[in-house]
Amino acid sequence: MNHYYVDLHIHIGRTWTGKPVKITGAKSLTFTNIIEHARHEKGLNMVGIIDSHSPEVILEIESLIESGEIVEHPDGGLIFGDLTVIPGSELEIYDEQCNGPIHLLCYFPNLFVMREFSSWLSGHLKNIQLSSQRIYSTGLDLQKKVKDLGGIFIPAHVFTPFKSLYGKGVNKSLTEVLDPDLIDAIELGLSSDTNMADQLGELHNYTFVTNSDAHSLAKIAREYQVIAMKEPTFLELHKALKGIDGRKIIANYGLDPLLGKYHKTVCAECLNPATDDDQICTLCGHKKIIKGVADRIIELKTAETSPEGRPPYVHQVPLEFIPGLGPKLLEKLVNHFGSEMAILHEVPFEALKEVVPEKIADLILKAREGKVNLAAGGGGKYGKIADQ
């Protein structure tokens, strides 16, 4: 069994003609730019590109297939050299069963099925060109459609305060809005990790995935996983999410939850720390308090420990969080060592300090070993590496 680096949640910012797809995504996030950056700079082996339902994105993929730059694998997946692309779509439901909007991820094996799904979607939302659109259908109906098409269904960033399953969508249980038997995995999001998520007993039967939810090229692979598969295809991915025939997640790599934007409860205005009981900010008097992921999980807690066999969650600091490591210096590192995956996992300290200042090399090593001090994020502001 081979091991592959996988990030399944990357957004498209613009089409190849410059039309917006993910409004908040960078203009440089075209399909072609994503696959080239993920393959050459990040060193990933498989990516899920959300927003592949957008008609102009489908046309771009078609042209890459016609030119021979991409080949469709018989077992699913679009092959770009040693990178496999899994086409996907992120959608929002807010039906009468939901307390708030919920984002969901849907993946398909090939372009033919994605075209069929896009055609179906066009009758259930207002703008088929855009990302993360509200679908005028129930969560249950969406699940059934995805499964009818042979797709993979994963609730997205399930604990974030806005537009997620547990953040706003349900009171206590995912069964309020979804069929638990039609869920293939659970995406944790940047402000939680395995130990936190496993405090919900109803999640013990699901594989956890850790993805970047990238809105820029730089943020690709800020979270990812290593997956054991025979080869990087859609069929093998599906088996890995189900733990079939030795296929499985080997390890989840993600931010320490303290670095996430919504880890702690804070005032929405001044970001002063607050408690779950606060009605107004004790510092500025603002009336909106954003509940942090940590406090929400405590509310929902029904279990003490993770189930047996859960893969390790490795806290990792993305290179862009390293103080002093700007874009030019990072580019120098990648050009020298080949990819960010190599820098994060393999390059020894002695080699690093030959390319970057020793202080930065030391921080990269400490971050790799989980030995940096962190200041928690909240209210939409990322945490950071504190003074060492």
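The structure displayed is predicted, hence computed values, not measured ones. Quick note: numbers below take in every heavy atom, side chains included, and nothing from hydrogens, waters or symmetry partners. Note that the numbering runs from 1 along the sequence shown for the chain.
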When you check the side-chain N and O atoms of Glu60 and Thr32, is any donor under 3.5 Å from an acceptor?
-> yes
Can you find a side-chain donor-acceptor pair between Asn252 and Thr210 that sits under 3.5 Å?
-> yes
Treat each ILVMFWY residue as a node, draw an edge where side-chain heavy atoms are under 4.5 Å apart, and state whether Val334 and Phe337 are in one component.
-> yes
Are there more than 12 heavy atoms of other residues, nucleotides or ligands under 6.0 Å from atom CZ of Phe162?
-> yes
Is it true that the side chains of Glu223 and His9 contain a donor and an acceptor less than 3.5 Å apart?
-> no
Taking a hydrophobic cluster as the set of Ile, Leu, Val, Met, Phe, Trp and Tyr residues connected by side-chain heavy atoms closer than 4.5 Å, whether directly or through intermediates, do Leu365 and Val347 fall within one such cluster?
-> no
Do the ring planes of His315 and Tyr313 sit parallel (below 30°), tilted (30 to 60°) or perpendicular (above 60°)?
-> perpendicular
Would you say Trp120 and Leu149 make side-chain contact, with heavy atoms under 4.5 Å?
-> no
Look only at the side chain of Gln129 and the backbone of Ser54, and say whether a donor-acceptor pair between them is shorter than 3.5 Å.
-> no
Under 3.5 Å, is there a donor-acceptor pair between the side chain of Ser212 and the main chain of Ile220?
-> no
Minimal non-hydrogen separation, Cys281 against Ile289, with atom names | N-CD1, 4.0 Å
Sort out for me which residue in His157, Glu187, Arg222 forms a side-chain contact (heavy atoms from CB on, under 4.5 Å) with Asn211.
-> Glu187
Please answer: with hydrophobic residues joined when any side-chain heavy atoms are less than 4.5 Å apart, are Phe153 and Phe208 in the same cluster?
-> yes
Kindly work out whether a path of hydrophobic side-chain contacts (I/L/V/M/F/W/Y, heavy atoms less than 4.5 Å apart) joins Tyr224 to Ile86.
-> no
Do Thr233 and Glu231 get their side chains close enough for a donor-acceptor pair, meaning under 3.5 Å?
-> no
Is it true that Asp362 and Lys371 have a side-chain N and a carboxylate O under 4.0 angstrom from each other?
-> no
Going by heavy atoms in the side chains, are Met229 and Met46 under 4.5 Å from each other?
-> yes
Under 3.5 Å side-chain donor-acceptor pair for Ser132 and Glu92 | no
Over-ring placement of Arg296 relative to Phe159, 6.0 Å and 45° cut-offs | no
Should Val158 and Ile102 be counted in the same cluster of Ile, Leu, Val, Met, Phe, Trp and Tyr side chains packed under 4.5 Å apart?
-> yes
Could you tell me whether Glu350 and Lys353 make a salt bridge, using a distance below 4.0 angstrom between a side-chain N and a carboxylate O?
-> yes
Count the heavy atoms belonging to other residues, nucleotides or ligands that lie under 6.0 Å from NZ of Lys239, then report whether that count exceeds 12.
-> yes
